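A short worksheet on the structure shown next.
These numbers were taken from a predicted model, which means no experiment stands behind them.
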Amino acid sequence: MLTKLVSRSFVLILLLVAVISFLKFNHCRVNGFTSPDNYVHACYTDIPALFTERGLDSNTFPYLSPTNSIEYPPIIGLGNWLISFITPSENSFRYFFDINALLIIVLFFISAIIVRKISPAYQYLFPLAPAVIASLFINWDMWAVVSTLLAIYYFDKKQYEVSGIWLGVSIATKFFPIVLLLPIAIIFYRSSKIRLFYRYLFTTTIFWGAINIPIALTHFDGWWRFFKLNLERGADFGSIWFALSLLDINVPHLDLIYPLLSIILFIGLAFYLLKLPNTPNLAAVALFALVIFTTVGKVYSPQYILWLTPLAVIALQNSRQLITFWFWQATEAIYHLAIWQYLALFSDAQFGLPAGGYALATITRVIGVCTFTYILMRDLATSSTEKRD
């Protein structure tokens, strides 16, 4: 009876969160998603914008154009192309958003349930995080979050082939879940299962390739556009590099500094994982790889919180860590408000947040996530030592 009651309450919370998040975006929805109004009311979303800008409103194949293809991997591109065929022609941009929103809600429910199965003690943290509620419909990130969580869930259940399939699907959806291969490789190495890692990598690659290779062979320039844009982009919104530039601190040779710093930090993570007294599970350490990627990357989009929060929840080890968890979440909420108000002023709104304030919010967010990650890593190392003793 108690289990059923908890399940009902959990479902009700998910429904309430979905409704609140949808209402947050509804102002833009009923007013045509116009700028700078969408920034002033913090309801900007890529979904209707790319519907028209990438030709989905005319059912154009998303990777047809070398210069105007959808800037996402194939599952998002092809998925939205298929959605365009069932989108009514009247008020099409609104219906396109609504159909996507419905699908995102379903995936949000599934993701929350997976988090609950992995970490039942902290099951409510993911759906109740304010920045999560505020970011649900900005982009298609939930499409990849659910497959990433499934990959982690099945990996820790030692169902490696199923996990590898889901990771391949996730990489074919948003690509940067590829960074999880580092902790996965370390876990296999520490468990003396190198051959299993090769099989896992093969499975992941095969499923990623099965989705990508046909498009790459037939529309290479359109398919490559996603990678090209990410390789060539400079310091962009949300990144620590962009914040420093707003404070007149320009980092020279960013195209060299960024990958070099990333490699150093990933080597440091590998060293940390190898030095842990006990082999960790993937749920406990997946967050660390994503934090490196999102913190030193050239862009930090507010919807990245949809990635970081569920991975943070499944990484929690004790209730003492909740203080820094909520401190970090507070910095994410501040950043969420700051980015839209900065973009409002940037888009010639009458009021908004000046560059200095936005830079401060960005740096505060980085401090928040780094503090929380440090506490997790410190406690994991300590608890591993205690278990060994």
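Side-chain contact between Val132 and Pro127 is absent, with no heavy-atom pair separated by less than 4.5 Å. Looking at Phe51 and Thr87, their side chains come closer than 4.5 Å, going by heavy atoms from C-beta outward. For the pair Leu360/Leu247, no side-chain contact is recorded, criterion being any heavy-atom separation below 4.5 Å from C-beta on. Side-chain contact between Leu217 and Pro214 is absent, with no heavy atoms from C-beta onward closer than 4.5 Å. Looking at heavy atoms from C-beta onward, Phe197 lies in side-chain contact with Ile184 at the 4.5 angstrom threshold.
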TODO: Check the pair Tyr358 / Tyr335 against side chain to side chain donor-acceptor pair (under 3.5 Å), numbers first and verdict last.
DONE: CA-CA 8 Å; Tyr358 175 61; Tyr335 177 77; 2.8 Å; yes
TODO: Applying side chain to side chain donor-acceptor pair (under 3.5 Å), run through Asn212 and Trp223 and close with a yes or a no.
DONE: CA-CA 8 Å; Asn212 280 266; Trp223 172 82; 2.9 Å; yes
- [ ] Tell me, with the steps shown, if Ile152 and Trp166 meet side chain to side chain contact (heavy atoms under 4.5 Å, CB included).
- [x] CA-CA 9 Å; Ile152 294 170; Trp166 281 115; over 6 Å; no
TODO: Apply the test side chain to side chain contact (heavy atoms under 4.5 Å, CB included) to residues Leu56 and Trp81: give CA-CA distance (whole Å), side-chain angles for both, the deciding distance (0.1 Å), then the verdict.
DONE: CA-CA 6 Å; Leu56 292 170; Trp81 181 55; 4.2 Å; yes
Open item on the list: Walk me through whether Phe61 and His219 qualify under side chain to side chain contact (heavy atoms under 4.5 Å, CB included).
Closed with: CA-CA 10 Å; Phe61 187 70; His219 301 86; 3.7 Å; yes
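Legend: residues meeting side-chain contact (heavy atoms from CB on, under 4.5 Å) with Leu128, ordered by chain and number and at least two apart, are Ile13, Val17, Tyr124. Listed by chain and residue number, Asn139 satisfy the side chain to side chain donor-acceptor pair (under 3.5 Å) test with Tyr72 (two or more places apart in sequence, or in another chain). Evaluation of the salt bridge (Lys or Arg N to Asp or Glu O under 4.0 Å) rule for Lys157 yields no partner, not counting sequence neighbours. Remark: Asp236 pairs with Arg233 by the salt bridge (Lys or Arg N to Asp or Glu O under 4.0 Å) rule, at least two apart or across chains.
For residues 35-63, the set of pairs meeting the salt bridge (charged side-chain N to carboxylate O under 4.0 Å, His left out) definition, not counting sequence neighbours, comprises Arg54-Glu71. Listed by first and then second residue, the side chain to side chain donor-acceptor pair (under 3.5 Å) pairs involving residues 176-188 amount to none (not counting sequence neighbours). Each disulfide bond (SG atoms under 2.5 Å apart) pair with one or both residues in residues 11-78, not counting sequence neighbours, appears once here: Cys28-Cys43. The salt bridge (charged side-chain N to carboxylate O under 4.0 Å, His left out) pairs that include a residue from residues 288-304 are Asp255-Lys298, where partners are two or more places apart or lie in different chains. Residue pairs that meet the ring pair (Phe, Tyr, Trp, His ring centres under 6.0 Å) test with at least one member in residues 238-264, sequence neighbours left out, are Phe237-Phe242. Each salt bridge (charged side-chain N to carboxylate O under 4.0 Å, His left out) pair with one or both residues in residues 187-207, not counting sequence neighbours, appears once here: Glu161-Arg199.
Checked against the 6.0 Å centroid criterion, the rings of Tyr63 and Phe226 do not qualify as a close aromatic pair. Between Tyr160 and Phe188, the gap from one ring centroid to the other is short of 6.0 Å. Taking the six-membered ring wherever Trp is involved, the centroid distance between the rings of Phe288 and Phe293 does not fall below 6.0 Å. Aromatic ring centres of Phe155 and Tyr200 lie closer together than 6.0 Å.
No donor-acceptor distance shorter than 3.5 angstrom exists from the side chain of Asn26 to the backbone of Phe22, with no hydrogens or angles considered. In terms of modelled atom types and a separation under 3.5 Å, the side chain of Thr295 and the main chain of Ile292 share no donor-acceptor contact. The closest donor-acceptor contact from the side chain of Ser58 to the backbone of Gly55 lies under 3.5 Å. Of the possible donor and acceptor atoms, one in the side chain of Lys24 sits under 3.5 Å from a partner among the backbone N and O of Ala42. A donor-acceptor distance shorter than 3.5 angstrom exists from the side chain of Thr331 to the backbone of Trp328, with no hydrogens or angles considered. Looking only at distances, a side-chain donor or acceptor of Gln317 sits under 3.5 Å from a matching main-chain atom of Leu380. With Asn318 contributing its side chain and Gln321 its backbone, the two residues share a donor-acceptor pair below 3.5 Å.
Side chains of Ser245 and Asn250: a donor-acceptor N/O pair is absent below 3.5 angstrom, by distance only.
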Pair up each side-chain donor or acceptor in residues 365-376 with any protein partner under 3.5 Å, not counting sequence neighbours, and list the distances.
residue, atom, partner, partner atom, Å
Arg365, NH1, Glu332, OE2, 3.4
Thr371, OG1, Ile367, O, 2.7
Thr373, OG1, Val369, O, 2.7

Which side-chain N or O atoms in residues 90-107 pair as donor and acceptor under 3.5 Å with protein atoms at least two apart or in another chain?
residue, atom, partner, partner atom, Å
Arg94, NE, Arg29, O, 3.4
Asp98, OD1, Arg29, NE, 2.7
Asp98, OD2, Arg29, NE, 3.4
Asp98, OD2, Arg29, NH2, 3.0
Asn100, OD1, Trp140, NE1, 2.8
Asn100, ND2, Asn80, OD1, 3.2
Asn100, ND2, Phe96, O, 3.1

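Between Phe227 and Phe175, the ring planes are perpendicular. Angles over 60° get that label, and only those under 30° would be called parallel.
Considering OG1 of Thr362 and CD1 of Ile334, their distance stands at 11.5 Å, rounded to 0.5 Å. The distance from the OG atom of Ser170 to the CZ atom of Phe207 is 14.0 Å, given to the nearest 0.5 Å.
Taking every heavy atom of both residues into account, Leu180 and Leu167 meet most closely at CD1-CD1, 4.3 Å.
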